[in-house]
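Notes follow the structure.
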Amino acid sequence: MNLKRLIYCSCTALLLACGSKKEETVDEVLTPSGLGGKELAELHCSRCHEYTPPQMLDKKTWEAGVLPEMGLRLGIGDLFGKLLGMSQEHMNQTIAANIYPDRPMLAEEDWKKIVAYYAENAPEKPLPQATKEKISKNLSGFRVISRNIPEGGLPKNTFVKFSPEEKSVYSGEKNGKLYRYDLKLKKADSLGAFGAVADIYFEKDGLRILDMGQIDPHEGKFGKFYQRTADGTQKILLDTLRRPVRAAFGDLDEDGVEDMLVCSFGFELGKLAWYSGKNKKENVLKNLPGARNVFIRDMNNDGKNDIVALMTQAREGVFIFYNQGNGRFDEKQVLSFSPVFGSSHIQLVDFNKDGFVDIVYSNGDNADFSYSFKSYHGLRIFENSGKNSFKEAFFYPVYGAAESHTADFDQDGDLDIALISYFPDKNQVPNEGFLFLENTGGYQFKVSSFPQAKNGIWMTMDVADMDKDGDLDIVLGAYERGSVNSSRQKLEMVVLENLKR
């Protein structure tokens, strides 16, 4: 019986009954290739992503987490059990997308060689983080303003954002509520219920609201893009989006009308697409999950808006989509990373002030099949050669690095970096959930944190001149995936008020 036909049955009981029937036909027997474990891994890994050497994960993580999932994607393992653990919609869409083949793609002997190769060559424990200079516990130049978690509650901030015009802070929560706070983090207003809001974008007469639908991994098309005017009137701009997480706006087809570019992160399925400002027509740039953040910028100085995007699932990397005119784009991958790298965020800045846009990159996502402390997690700066080829110029190791913002916080003429980690090592002192890298020149930084950083797991951050006093402030939002009983967090949000002025 063909597994795809089997799974499309809507009744679980029927699934189990059908699954108990013995297949009478004989499957094709695959012949072993004769290749070694490393050669087989390089061959089959590259079907979906960059080859990952054994040293990048410890033995237990390979054997218990990554290899079983890799096997399923090669047609080996308990696919039936995997699919039965999904919702009906997720199951149907996964089958339709051919994510998991219903028969082996290599001989069993070859698969055993791959497993043995990783088991024999992976370290027993994760490789240690590189030694770095001691981090100061004294974050000078900032005043800490904090908001405690309500009693019996959990921090569930899906985003935080300053509104300098209103001198306020917006935040969204997992339960779909959108709130506004004053600059002392006292709740000022509730703007109603949505899904889990990913981000907001300010307009002259209101907001544009990007709604994930729900934050947890899923395949449903629950996401929406709203326009909300100052009087509370709402209009849906885009509907049926698959877990959208970021958007950008600009004229991409040179018709004089602003278009919308959306990262539909999804889960197993997703896409990066732009939508015509005239008729909302969808134009898919990349039909893969994991689009994380995106920028519209003229990267080759031809007068047209290009697109720079970070992709964070499987084929992790940074892509430039060069505008060819008339809404057509030519894709080029400029940075490539291993699928266990955990790419999280990029920012485009001219860090070395040579007139070309560099990339500040954070990687530390651990919410996958390879949860472990990874020595290669952290912050990187990739310098632009001048022709949009990029080379790593700086690396600072940070377990679980999630997002960074680069700006001249201390107003001394160079760029500093504020960095958060969502998966820090709780035993490190000081806690590295928030770090401030003060630029001292020549890619040297004085690194500091603040004592209260350990009281939150920081998932989201924003930077702006919140009080219009001429310097840049920072707001952090915490998010807890666990339960009240397991949480050690005390803080929901923190504002770091810059005192440089």
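All of these numbers come straight from a predicted model, not from anything done at the bench.
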Quiz item: Taking atom types as modelled, is there a side-chain donor on Asn388 or Lys332 under 3.5 Å from an acceptor on the other?
Solution: no
Self-check item: Between CG on residue Leu72 and CG on residue Leu74, distance to nearest 0.5 Å
Solution: 9.0 Å
Quiz item: Does Thr312 reach the main-chain N or O of Ser344 with its side chain, forming a donor-acceptor pair under 3.5 Å?
Solution: no
Quiz prompt | Electrostatic pair Asp306:Arg297 at N-O distance under 4.0 angstrom | solution = no
Practice problem: Report yes or no: do Glu403 and His405 form a side-chain donor-acceptor pair below 3.5 Å? | Solution: yes
Exercise. Would you check, one step at a time, whether the test ring-ring contact (aromatic ring centres under 6.0 Å, His included) holds for Phe142 with Phe450?
Key: CA-CA 9 Å; Phe142 292 89; Phe450 61 101; 9.2 Å; no
Quiz prompt | Test item: Gln333 and Val318 side chains (from C-beta on) under 4.5 Å apart, heavy atoms | solution = no
Exercise. Kindly give the heavy-atom pair with the smallest separation between Val463 and Phe409, and that separation in Å.
Key: CG1-CE2, 3.7 Å
Quiz item: Do NZ/NE/NH1/NH2 and the carboxylate oxygens of Lys156 and Glu173 come within less than 4.0 Å?
Solution: no
Quiz item: What distance do Ile381 atom CD1 and Asn384 atom CG have between them, rounded to the nearest 0.5 Å?
Solution: 13.5 Å
Exercise. Applying salt bridge (charged side-chain N to carboxylate O under 4.0 Å, His left out), run through Lys174 and Asp216 and close with a yes or a no.
Key: CA-CA 9 Å; Lys174 181 181 179 179; Asp216 297 322; 3.2 Å; yes
Quiz item: Taking atom OH of Tyr422 and atom CG of Asp365, what is their separation to the nearest 0.5 Å?
Solution: 10.0 Å
Quiz prompt | 4.5 Å side-chain heavy-atom contact, Ile135 and Leu435 | solution = yes
Exercise. Decide if atom NZ of Lys137 counts as having more than 12 heavy atoms of other residues, nucleotides or ligands within a radius under 6.0 Å.
Key: no
Quiz item: Run the salt bridge (charged side-chain N to carboxylate O under 4.0 Å, His left out) check on Glu331 and Lys286 step by step: do they pass?
Solution: CA-CA 9 Å; Glu331 174 188 325; Lys286 204 160 187 65; 2.8 Å; yes
Practice problem: Could you please spell out the steps behind the ring-ring contact (aromatic ring centres under 6.0 Å, His included) verdict for Phe394 and Phe445? | Solution: CA-CA 11 Å; Phe394 174 75; Phe445 297 86; 4.9 Å; yes
Quiz item: Going by atom types alone, do Ser375 and Gln129 pair a side-chain donor with an acceptor below 3.5 Å?
Solution: no
Quiz item: Looking at CG of Asp408 and CG of Asp414, how far apart are the two atoms once the value is rounded to the nearest 0.5 Å?
Solution: 6.0 Å
Self-check item: Exercise: do Tyr361 and Ser343 side chains pair donor with acceptor under 3.5 Å
Solution: yes
Quiz prompt | Sequence neighbours excluded - side chain to side chain donor-acceptor pair (under 3.5 Å) pairs with any residue from residues 32-42 | solution = Ser33-Asp110
Quiz item: Looking at CE of Met311 and CG of Leu272, how far apart are the two atoms once the value is rounded to the nearest 0.5 Å?
Solution: 6.5 Å
Quiz item: Which word best sums up how the rings of Phe222 and His218 line up, parallel for under 30°, tilted for 30 to 60°, or perpendicular for over 60°?
Solution: parallel
Self-check item: Row check, Tyr201 ring normal vs Lys161 NZ/CZ: under 6.0 Å, within 45°
Solution: yes
Exercise. Using the ring-ring contact (aromatic ring centres under 6.0 Å, His included) rule, take Phe395 and Tyr376 through it: C-alpha gap first, then chi angles, then the decisive distance, then the call.
Key: CA-CA 9 Å; Phe395 170 58; Tyr376 43 85; 8.9 Å; no
Self-check item: Least distance between heavy atoms, Ala122 atom then Asp58 atom
Solution: CB-C, 4.1 Å
Self-check item: Gln452 and Ser146 side chains, donor-acceptor separation under 3.5 Å
Solution: no
Quiz item: Do the ring planes of Tyr118 and Trp62 sit parallel (below 30°), tilted (30 to 60°) or perpendicular (above 60°)?
Solution: tilted
Quiz prompt | Glu432 and Lys454 ion-paired at < 4.0 Å | solution = no
Practice problem: For the residue pair Glu50 and Ser338, confirm or rule out a side-chain donor-acceptor distance under 3.5 Å. | Solution: no
Quiz item: Taking NZ, NE, NH1 and NH2 as the nitrogens, is one of them in Glu383 or Lys391 under 4.0 Å from a carboxylate oxygen of the other?
Solution: no
Quiz prompt | Thr61 and Ser370 side chains, donor-acceptor separation under 3.5 Å | solution = no
Exercise. Just grab all the side chain to side chain donor-acceptor pair (under 3.5 Å) pairs involving residues 64-78, residues at least two apart or on different chains.
Key: Glu69-Arg73, Glu69-Lys82, Glu69-Tyr100, Arg73-Glu268
